[in-house]
Every structure is written in structure tokens, then in C-alpha cells.
Trainee: 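Okay, here's the structure, questions in a sec.
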Amino acid sequence: MQATPATPPSRRTIGLLTSGGDCAGLNAVIRAVVTRAQGYGWTVQGIHQGTLGLMRRPVAFTTLDGARAGADILHRGGTILGTTNTGNPFAFPAADGSTVDRSAEVIEGVRLMGLDAMIGIGGDGSFAILRRLAQQGGIPLVGIPKTIDNDVGATERSVGYDTAVMVATEALDRLTPTAASHARVMVLEVMGRDAGHIALAAGIAGGADVILIPEIRYRVESVAAHIEALRRRGRNFALVVVAEAVPDQTGERVRQQQASGAFTYGGIGEIIAHAIATRTGAETRVTVLGHVQRGSPPTWNDRLIAQAFGVHAVDLIAAGRYDRMVAWQNRRVVDVPLAEIIDRPQTVEPDSPLVRTARGLGICLGDG
Ligand code: F6P
């Protein structure tokens with residue numbers, strides 16, 4: 001059971017943090033949380049750089065009011081609070097290369113701030129950490145899902161996904177004329193971590209000929225045969241969308257180790273392009289979209305769910321309902337137990353309506 005805040009509702013202080021990779025729409029959530037909390041007469045303290053801010057002494061936070069978190073941040077990408085996707089406090093990297101448990105410092109940080117409740121904006125990895133901290137420290141917690149990958153369970157949408165799909169779709173729009181002008185096969189590698197949601201949605205929206213996602217096993221021969229069939233029908237170019245976690249032909253996912261020690265996906269686009277060129281003789285070019293998918297101003301749709309989520313999260317605190325995540329289901333904002341989504345990522349189901357749409361449009365998914 002989570003602790004119930006001792007402070008009467010009229011004088012609550014809410015801690016707010018963004019955690020994990022940034023995405024478009026985070027500032028819209030922050031603005032909505034602050035605005036709704038002010039409506040209750042509460043104070044919102046914005047914690048800097050996720051749990052890292054709670055480890056610092058003095059604790060790194062800013063009081064968020066209408067001046068700091070007003071309408072002018074609504075359309076801005078990134079997060080005014082900063083974030084981190086490394087530094088799990090339960091296994092925090094130490095100077096000697098080992099890891100140490102610094103969770104007690106984070107919990108002490110919450111106590112030092114005098115918080116009555118916390119709102120964490122994150123993905124399922126962040127929620128696993130925040131929930132563990134909340135349980136260990138008796139911290140009333142509400143979660144708001146964000147990730148361009150759209151892989152958080154129990155919600156049809158996470159903040160940031162719509163914008164990432166829009167950016168990837170626009171990239172395809174821009175690649176189409178140059179592909180046609182030079183009779184090339186254009187390979188667009190998109191993010192999404194282990195889920196193919198961005199690739200599938202943007203591929204359909206942007207008129208791709210081939211979409212490769214990690215959830216569906218592909219054969220390069222099928223992709224090459226599809227491109228050759230397009231040529232026989234008079235098409236001089238092709239658009240191929242590849243999700244970053246699609247494995248190479250040996251079954252390995254292509255990853256790089258970063259300075260933090262973390263591994264990120266990237267590079268499968270080049271491998272697929274080379275395989276296509278070898279088999280078809282086509283001239284290929286690769287675009288790796290990368291973090292462009294995260295940095296843009298949020299679409300109207302992301303701004304909308306961001307603010308709906310922010311308002312609902314504060315209302316959950318007002319109602320004394322914790323250990324829950326707000327979610328978008330069947331055209332409305334609901335809330336679900338955080339326990340329901342942890343360790344249960346929502347990847348693309350191989351027979352989902354969008355997969356059937358792609359097949360119905362004659363898009364090659366590599367498995368034919
Ligand atoms: O989870 C969001 C995401 O953008 C993934 O799509 C991508 O694999 C990863 O983060 C990139 O992480 P980083 O910001 O560490 O490069």
C-alpha cells in the first residue's frame with residue numbers, strides 16, 4: 001500500500017520529473033500539471049534531470065509557476081526539467097566501473113523536498129524504477145506515459161509517438177521526389193527500440209513499398225523480389241522503412257556502445273541497403289533519422305494527450321489514487337495500475353489491424 005499524504009489537500013506540494021529519453025510533448029505535460037495543480041492551490045516542484053536531481057545536495061529542483069511553465073512552453077520540444085536515460089539509482093555506475101545502490105539517497109531527496117506526492121513522466125523502464133522507489137520510500141506516485149516508441153502497455157498512445165511518426169512520414173515525403181529523380185531505392189532507418197510502431201505507421205502514411213519491423217521476420221530475398229516486381233511494373237524507385245531493432249541476416253541486432261556504457265540501436269539501414277543493392281543492382285541511399293524524431297515541436301495530437309494526461313494525473317492525486325498510470329483508451333483518458341504495465345512492453349502484434357492494412361496495400365513486410 002502507498003502512503004496517504006498527511007498534508008491537507010489545500011497545501012500540497014507535488015514533485016514532477018521527466019525520466020528516460022526526451023520526446024515532443026513533455027513540456028505540454030509539465031504545463032498541464034502545473035496549471036491543474038494551481039487550480040487546487042497546490043505547488044509543483046520540477047525536479048531536474050529525473051532521479052539525478054534527487055541525488056544532488058541540495059536537491060536540484062525549481063518551483064514551477066505560470067511564468068516558468070505557462071503556455072509559451074506548450075509547443076517546445078525537449079523538457080525544461082532535463083532528463084536522463086542512464087543512472088538507475090538501484091545500480092548506479094561508480095567511478096571504478098562497478099555499480100552502487102543509491103536508491104536511499106533518492107528517497108531522502110524526496111523527503112528533503114517535503115513532497116506529498118510525485119508525478120513521473122516516463123516509459124516502462126522509468127516506471128519500473130520509480131515504482132520501486134515509491135514502494136521502498138512510501139512515496140505516493142502517479143505515472144504519465146511518454147515515449148516515441150509507443151511501447152508502454154495499457155495505453156494506445158504515449159506522449160511523443162505522434163510527433164515521431166509525423167517526422168518520419170515527412171522524411172518519406174521528402175525522400176520520394178529525390179528517389180524518383182535518380183531511380184534509387186531509399187532506405188529510411190527509424191527509431192522505436194524493440195517495437196516497430198513508428199516504422200509501421202510512418203511507412204503506411206508515407207507510402208513505403210517495404211516496411212521491416214522487429215516483430216516480423218524478414219528475408220532479404222523477399223525484399224529484393226518485391227523491388228524487382230515494382231520495377232517490372234514501371235516504378236523506377238522504392239522506399240524502404242527499417243526499424244532500428246530489425247536484426248541483420250545473422251539474427252543479430254545492430255548496436256553501438258555509448259560513452260555511458262549503454263547500448264543503442266543503429267546501423268541496420270546500411271546493411272539492408274547493401275543487401276538490396278547486391279541482389280537487385282539498384283542504386284541505394286540510406287537516411288538514419290535518429291533523434292530528429294524526438295526534437296520537433298509536438299503535433300496537436302501530442303499536445304492534446306499530453307495535457308489530458310497532465311490534468312488527469314493531478315486529479316488522481318486529488319482523489320488520493322496512487323500507484324497508477326494515466327492511459328489513453330477508446331478515445332478517453334483512464335488510469336490503470338502501474339503494476340499492469342511494468343515489464344509488459346506493447347510491441348506490434350503480427351496480426352494487428354495496421355499490419356493487415358500494410359499487407360492490404362501491397363506493402364512488403366519481408367516475410368513473403
Ligand atoms: O526510447 C526512445 C529512444 O529514442 C529509442 O527509440 C532509441 O532507441 C533510444 O531512445 C535512443 O537513446 P539515446 O537517446 O540514448 O540515444
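Here the structure is a predicted model, which is why all the values come from computation and not from measurement. Order of listing sets the numbers, starting from 1, for every ligand and every atom in it.
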Trainee: Which pairs with one or both residues in residues 57-69 pass side chain to side chain donor-acceptor pair (under 3.5 Å), sequence neighbours excluded?
Mentor: Gln45-Thr63, His48-Thr62, Arg57-Glu108
Trainee: Checking salt bridge (Lys or Arg N to Asp or Glu O under 4.0 Å) against Asp315, which of Arg321, Arg324, Arg36 comes through?
Mentor: Arg36
Trainee: Rounded at 0.5 Å granularity, tell me how far CG in Leu200 sits from CD1 in Ile363.
Mentor: 8.0 Å
Trainee: Does a side-chain N-to-carboxylate-O contact under 4.0 Å join Glu170 and Arg174?
Mentor: yes
Trainee: Pairs under 3.5 angstrom only: tabulate donor-acceptor contacts from the side chains of residues 182-194 to other protein residues two or more places apart or in another chain.
Mentor:
from: Glu189; atom 1: OE1; to: Gly267; atom 2: N; distance (Å): 3.3
from: Glu189; atom 1: OE1; to: Ile268; atom 2: N; distance (Å): 3.3
from: Glu189; atom 1: OE1; to: Gly269; atom 2: N; distance (Å): 2.8
from: Glu189; atom 1: OE2; to: Gly267; atom 2: N; distance (Å): 3.2
from: Asp194; atom 1: OD1; to: Arg253; atom 2: NH1; distance (Å): 2.9
from: Asp194; atom 1: OD1; to: Tyr265; atom 2: OH; distance (Å): 2.5

Trainee: Kindly tell me which protein residues have any non-hydrogen atom under 4.0 angstrom away from an atom of ligand 1, grouped by chain and ordered by number?
Mentor: Asn85, Ile148, Asp149, Met191, Gly192, Arg193, Glu244, Thr264, His291, Arg294
Trainee: Would you tabulate the side-chain donor-acceptor contacts of residues 23-31 under 3.5 Å, counting partners in other chains and residues two or more places apart, or write 'none'?
Mentor:
from: Asn27; atom 1: OD1; to: Ile80; atom 2: N; distance (Å): 2.8
from: Asn27; atom 1: ND2; to: Arg76; atom 2: O; distance (Å): 3.1
from: Asn27; atom 1: ND2; to: Gly77; atom 2: O; distance (Å): 3.2
from: Asn27; atom 1: ND2; to: Gly78; atom 2: O; distance (Å): 3.3
from: Arg31; atom 1: NH1; to: Gln307; atom 2: OE1; distance (Å): 2.8

